[in-house]
Amino acid sequence: MPLASEELTVGEMLLRHGISRRGFIQFCTATATAMALPPWIGAAMAEQLRQARRPSLVYLSFQECTGCFESLTRSFSPTIESLIFNVISLDYDDTLMAAAGDNAEAALAQAIKDNFGKYVLVIDGSVPTGAGGAYCASGGRSAVDTLREAAKGAAAIVCVGTCSAFGGIPLADPNPTGAWPVTAIVGDKPIINVSGCPPIPEVITGTLLQFVSTGKVPDLDEHLRPKAFFGNTIHDRCYRRPFYDEGKFAKSFDDEGARNGWCLYELGCKGPTTHNACATIKWNGGTSFPIESGHGCLGCSEPGFWDKGSFYAAQSSAEWGKAGVPSPRRTLELSGAAVAAGAVLGVASAGISRLRQHRSEGSSDP
Amino acid sequence: MSRLSDIPIRSESRTRIEPPPADGGLGGGVVAILSELVSLLGRLVDTESPGAIDLRSLPMSAMDRAALQKVLGEGEVQATVTAQGLSRVRETGVSGVWWVEHFDQQGEMVAELIDVSRVPAILTSATDEIAASARDLRAQLIAASPREEKHAARQ
Amino acid sequence: MNLLDFARGPALKVAIAVFCLGVAWRILAFALLRIRRDLNRPRDSVFKSITGGLLTVGSRSWPHREFIGRTGAGEALGYSYHIGLFAVVLLFTPHILFLGSLFGITWAGLPSSLITVISVLTLTLFIAVLFRRVTNPVMRMLSNFDDYFSWFITMLVMVTGIAATAHLGASYETLLGIHILSVDALLVWFPFGKLMHAFYIFPSRALNGALLARKGATS
Amino acid sequence: MSDNRPVPGPEARLAGAMSGFAQEIGALSAFRLESCIHCGICADACHFYIATEDPQYTPIWKVEPFKQAYKREASAFAPLVRLLGLKREVTTDQLVQWQHLLFDSCNLCGRCSLICPMGIDVAALIEQARHAMFDAGLAPKELYDKAAHQQLTGQPEVSAEPYRDQLLAIGARFNVDIPLDKPEARIMLCVPRTDIEHYPSAVASLARVMQHLGVSCTFRSDGLVAENYGYYAGGKEWQREISRRLIDQAIACKAQILLVPECGHAYAALRWEAADLYGKPLPFRVLQVTEFLAGELQAGRLRLGKAVTGATTFQDPCESARKGGISEAPRTLMKAMGVDLHEMKNHGGFSFCCGGGGGVLDIERAAPLRYRTMENKLREIDDTGAETFLTSCSDCRRTFDDAQAHFTWNKTPQSLLELVAANLIATGQP
């Protein structure tokens, strides 16, 4: 399959693969329903996409664990994944492409030149700036330079995964590689953060499809995440919420509460402060999601979630002990020292007051 | 040790679905859908713009669904589309209102809509497809016919 | 370090420190002033004085029969919003876990939906109390900045708490951050205003009750 | 307004008041000032507020300037308060205005201390505030003069003839033995000068009861007067001197008991404050006469006959009942005499004050407010439907007599002691 994109429209490309217009309408309608988009968008999306020039896509992987890519390619319904790659001409992806070495570099340069200003740049993984970017380099060029280069011609940048969106685990304290999120490096391009560690496959494909078909950046929240998927917290959409409201909480991972599927708030669930679509779209084709499997949400789609204290400390615990959870001993130390200081001031104040008072001993006033 | 199967996995829909009233009247859900259909039909007549209602995103009990089908009734057209997956399109008794179901290759229903249009987009053929197939047909004609038909076909 | 982490982290640490320091300072500053020993002969045994004092702690929680006609409503309003406030602070599960993270002990709480009801009820009582303080001529004359600001700070904590659970306004983290910041503010203000009465109320009743009981006087 | 007596200038007056109060404050009073939460509930206990609904009569408001001074002078954050000027200096005219609150409209009756939800002893704070006002030369003239005179001569006012002679004359008139200046006696007696001048029968009754009991007792001419105007005026030093006069006499005659007559504040000053002023515990016990007689009755040394009084009610003197703890003794005596007691709506430790206590009766300008405040009390007495009206405090008696004239009220207060004296039964007789 020639990787360089030709002047084919999406419709023509699909026909080449024996995917008729009606077949494509079926796919778009199914995707729209899965993404809880308005039903008429499916057909409209199909029409627009078929006329659209096949959008070019450059997929750059930097300091990442390939978890996001696995999540995308392992996505449960192969038809969606294969269609995605037929719809979009994947011009560069060092994991999938056959070429290697100089040919791969040449292919990247070629893809950027051919579709300058029109391709979608997908970044996977954080961008290390430590040691001049030496922590992540390929073909002698550091990730930072590659990113800046590729970003110049990008129509938009989609950061897949918490690493590219917020720095993820590489950025976690002590951040040895000086990892930065893409937003810290590229400022002049529209950026869409599809955070999650990894993000839900349907969220990645949904966001790409929505951008490609409409050509416009969707509504984003203050962390530049599409509101369609990151608008609500897990807590607000969680099927165990009635238990939270009724005050039924699991106290340990194997107690009666856990077995009855009660709320995992006391076991450190970060659902209340985590924005993602896990509770609605769920994982593995709608089979389940972390809370449904009995483990609290880790808050993986939130910035710095690695450093927000223990995953098993309750959401509302104070955040200043070791491992983010204070203990009675630390509270005692802090308040003890403060009381001692206060006592000194108290004695001083009383002393000052008594000095100013009459020397009239034996005063009868209480 | 409790076995994996002991862990109850229940994902009930959080909103309570009201059972339809006993006196055979229409359940609240059905009334809502029908009133939206009326407005969509109005819009179709006024602005020629089609619309649709995604049944899977609404909390519908089996009784509501049966009641809706009874109200909408059966039309004259049934069609099945086998492309990427199977789709069944049935015209309802209310002209302009079609009941469309899409299934994937494993037979799992992936979408169920009530389409409000002259004819659902999935049934019609697109102009570019018609043009392309017209070209292919002419090419076949030229290949299959003796010399004079080739001359006539060129006119 | 977003607002929530700041509020729950360093700001909370500073607030607790200022709270402990301020309370110790204020209490010792007056407790170490001259203490006069009462040389007059007590009417009964010391034991009677002490029990008299402890009884006053209970008896003064509700007006004596002779006064209830005039002060019953006022005290009922005052105590009810305190009860509501303590119910929300001590029996709402996230609060229990927060206190548990500080002190190591946790206890059973009330269902969150019930707490929401109680918190809204307590909020209205709060507003009623302010209305009474402003309209009652005696309270209006007595009230100074401390009375209104202490009310405001506690009210702020209540309002931001309810706003956080109901996701009103901003995103949940910001609202929770603001809520915890307002708790920090309350902790910092606590030793310098009338909120100190939380520490004074029982010792004051016990001490004054004991001194009255020492004379066999009514208390 | 205080007038011709040598009054220090305004600044000196202010300095006097502040040094008097804020600098004298001990841990207990500081704790009380700290504990106030401005809830205003003490107003609902005070009959001055109840009668007038005027917020200025809120009891704790009476110590507001001193709370202000405490915050500036002796509280934890005093240096900061002074530096940042968070609390204003107490002004002179503010203090002058507070005269009306601390003296004219406060009987020191202690009812406010029973209602405070924080348990603050408001009456004690007010008593202390009076000390500061006195030091500032702001005590009302009538109280100041009587205290000065009593401190010098032992008598609040010049009397026609020395109380010693009047006492003997009463003895002669009521032919009862008046033990006077015995070198040694178990019980030392004293009487309110109000009784000597207005109610000689009460003095005679005391002597008769003592004579009847045959106890070893004596009056002391140098310690005759039970009242203590230093207590009313807030002059601590003078209160000390006036109390010392009685203490020295009691020690001189080696008394084991100093018997306080039917007088509220005398009991308060001697029983609950004298030792602190004296500097060490008193070497004798201080008993009020009703308390003593009830003891004798229960010990069987006193037998009383049935008194014919019809429906009766009893006014508990605030200083001895509510603040002093003697509310059972009078009832024991009345029950023994078969008195048909109809309690007032508010009685015992919760009774309303007669309105004349705390020196208010002596303050001329306070009369109109006092009368207006007494109406509630008179109504309560009338509501009992009693014909006879007893009390065991000469100041209460004087206040009700004065009210009888003002309101042409149909009742006359009678002394419980006189009733007891009129119903004595010799222990031998049936």
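Residue numbers start from 1 in every chain, and the chains themselves are labelled A, B, ... in the order their sequence lines are given, proteins ahead of strands.
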Whatever's closer than 4.5 Å to a heavy atom in chain A on F92(C) counts as side chain
* Asked: chain A heavy atoms under 4.5 Å from L4(C): which part of the residue, side chain, backbone, both or neither?
  ->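 The answer is the side chain of L4(C).
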Any idea which heavy atoms bring [X] and [Y] closest together, and the distance?
X      : Y       : value
P94(C) : S316(A) : O-OG, 2.6 Å
A29(C) : A350(A) : O-CB, 3.5 Å
L33(C) : R354(A) : C-NH1, 3.2 Å

Heaviest contributor of heavy-atom pairs below 4.5 Å to chain A, chosen from N2(C), L176(C), L97(C), is L97(C)
- Message: Heavy-atom pairs under 4.5 Å with chain A: which of L28(C), D5(C), L21(C) has the most?
- Response: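 Of the options given, most contacts go to L21(C).
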> Relative to chain C, which of P272(A), A340(A), A337(A) shows the most heavy atom pairs under 4.5 Å?
Replying inline: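 Highest number of pairs under 4.5 Å: P272(A).
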query = Within a radius of less than 6.0 Å around CZ of F126(C), do more than 12 heavy atoms belonging to other residues, nucleotides or ligands occur?
reply = yes
Would you say CH2 of W25(C) has more than 12 non-hydrogen atoms from neighbouring residues, nucleotides or ligands within 6.0 angstrom?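 Yes - once you tally the heavy atoms of other residues, nucleotides and ligands closer than 6.0 Å, there are more than 12.
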- Query: Are L102(C) and P328(A) side-chain neighbours, meaning at least one heavy-atom pair lies under 4.5 Å?
  - Reply: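 Of all side-chain heavy-atom pairs linking P328(A) with L102(C), none is under 4.5 Å.
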With sequence neighbours left out, the residues meeting ring pair (Phe, Tyr, Trp, His ring centres under 6.0 Å) with H295(A) are F253(A), Y312(A)
Rounded distance (nearest 0.5 Å) linking atom [atom1] of [X] with atom [atom2] of [Y]:
X       : Y       : atom1 : atom2 : result
S335(A) : F19(C)  : OG    : CZ    : 10.0 Å
Y172(C) : Q315(A) : OH    : CD    : 6.0 Å
K13(C)  : L334(A) : NZ    : CG    : 7.5 Å
T93(C)  : Y265(A) : OG1   : OH    : 8.5 Å
T274(A) : E173(C) : OG1   : CD    : 7.5 Å

ask   = So what's closer than 4.5 Å to chain C heavy atoms on H235(A): side chain, backbone, both or neither?
value =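 H235(A) has no heavy atom closer than 4.5 Å to chain C.
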Check for a donor-acceptor pair, side chain of S101(C) on one end and backbone N or O of S317(A) on the other, with a separation under 3.5 Å.
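No: the side chain of S101(C) does not pair with the backbone of S317(A).
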Are the side chain of S112(C) and the backbone N or O of G247(A) linked by a donor-acceptor pair below 3.5 Å?
no
